[in-house]
Structure formats: structure tokens, C-alpha cells
Amino acid sequence: MINAMIAISLISWTKYARIARSKVLEIKEETFIQASKISGHNALHIMIKHILPNILAYLIVTASLDIGTVIMEMSSLSFLTSLFFSTLI
């Protein structure tokens with residue numbers, strides 16, 4: 001079961017990376033980011049205080065919508081595994 005979870009997570013991480021990247025590219029052009037740069041804040045401060053809170057909502061919504069898909073994938077893999085092992089006996 002753990003191998004199935006690892007396999008599913010290795011496949012599905014790209015969706016979250018794409019969403020995070022597109023939102024960061026969108027948010028970094030906002031005026032409040034430019035104002036923070038002008039104020040002298042470093043990149044780490046801008047990322048933690050301004051960018052991360054703004055992209056976190058999109059990632060949480062995507063993760064909550066993916067829960068059903070992951071459950072279906074896990075049950076399908078479990079069924080196929082039990083079907084495979086029942087033919088070996």
C-alpha cells in the first residue's frame with residue numbers, strides 16, 4: 001500500500017508545481033511585491049510574507065479536489081493487486 005502511495009505522489013506532484021509556478025509568476029508582478037522590494041525587503045521575506053500566503057489557497061483547493069481521485073487510484077491499484085495475487089494461488 002505504501003508503494004502505491006509513493007507511486008501516486010511521484011506522478012501527481014507536477015500539477016502542484018505548475019500551479020505554484022504560474023501563481024508565483026502572476027503575483028510577482030503585483031504592485032505590493034514591487035513596493036516590498038523598494039522598501040528593502042529581501043527575497044526570502046517577500047516569498048514568505050507575500051507570495052506564499054497568496055498561492056497557498058490555490059494549492060489547498062487543488063489538493064482537496066484531488067483527494068477523491070487519489071482514493072479512486074488507490075482502490076483501483078488495490079483491486080488489481082488482489083486480482084493478480086488471487087490468480088497466482
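- In this structure, the side chain of Ser78 does not engage the main chain of Met74 through any donor-acceptor pair within 3.5 Å.
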For residues 18-25, which side-chain donor-acceptor pairs fall under 3.5 Å, sequence neighbours excluded?
{"unit_1": "Ser22", "atom_1": "OG", "unit_2": "Arg18", "atom_2": "O", "d": "3.3"}
{"unit_1": "Ser22", "atom_1": "OG", "unit_2": "Ile19", "atom_2": "O", "d": "3.0"}
{"unit_1": "Lys23", "atom_1": "NZ", "unit_2": "Glu26", "atom_2": "OE1", "d": "3.4"}

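- Using a 4.5 Å cut-off between side-chain heavy atoms of Ile, Leu, Val, Met, Phe, Trp and Tyr, with links allowed through other members, Val61 and Leu56 fall into different hydrophobic clusters.
- Tyr58 pairs by the ring pair (Phe, Tyr, Trp, His ring centres under 6.0 Å) definition with nothing, not counting sequence neighbours.
- Atom CD1 in Ile51 sits 4.5 Å away from atom CD1 in Ile33 (nearest 0.5 Å).
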If you look only at distance, which donor and acceptor atoms sit under 3.5 Å apart when one is on a side chain in residues 6-13 and the other is two or more places apart or in another chain?
{"unit_1": "Ser9", "atom_1": "OG", "unit_2": "Met5", "atom_2": "O", "d": "3.1"}
{"unit_1": "Ser9", "atom_1": "OG", "unit_2": "Ile6", "atom_2": "O", "d": "2.9"}
{"unit_1": "Ser12", "atom_1": "OG", "unit_2": "Ile8", "atom_2": "O", "d": "3.0"}
{"unit_1": "Trp13", "atom_1": "NE1", "unit_2": "Leu10", "atom_2": "O", "d": "3.1"}

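- Partners of Leu44 under the side chain to side chain contact (heavy atoms under 4.5 Å, CB included) rule, at least two apart in sequence or in another chain, are Asn42, Met47, Ile48.
- Separation of atoms CD1 (Ile71) and OG (Ser76) is listed at 11.5 Å; rounding is to 0.5 Å.
- Pairs engaging residues 66-77 under the salt bridge (Lys or Arg N to Asp or Glu O under 4.0 Å) rule: Lys15-Asp66 [sequence neighbours left out].
- Residue pairs meeting the ring pair (Phe, Tyr, Trp, His ring centres under 6.0 Å) criterion with at least one partner in residues 15-43, sequence neighbours excluded, are Phe32-His50, His41-His45.
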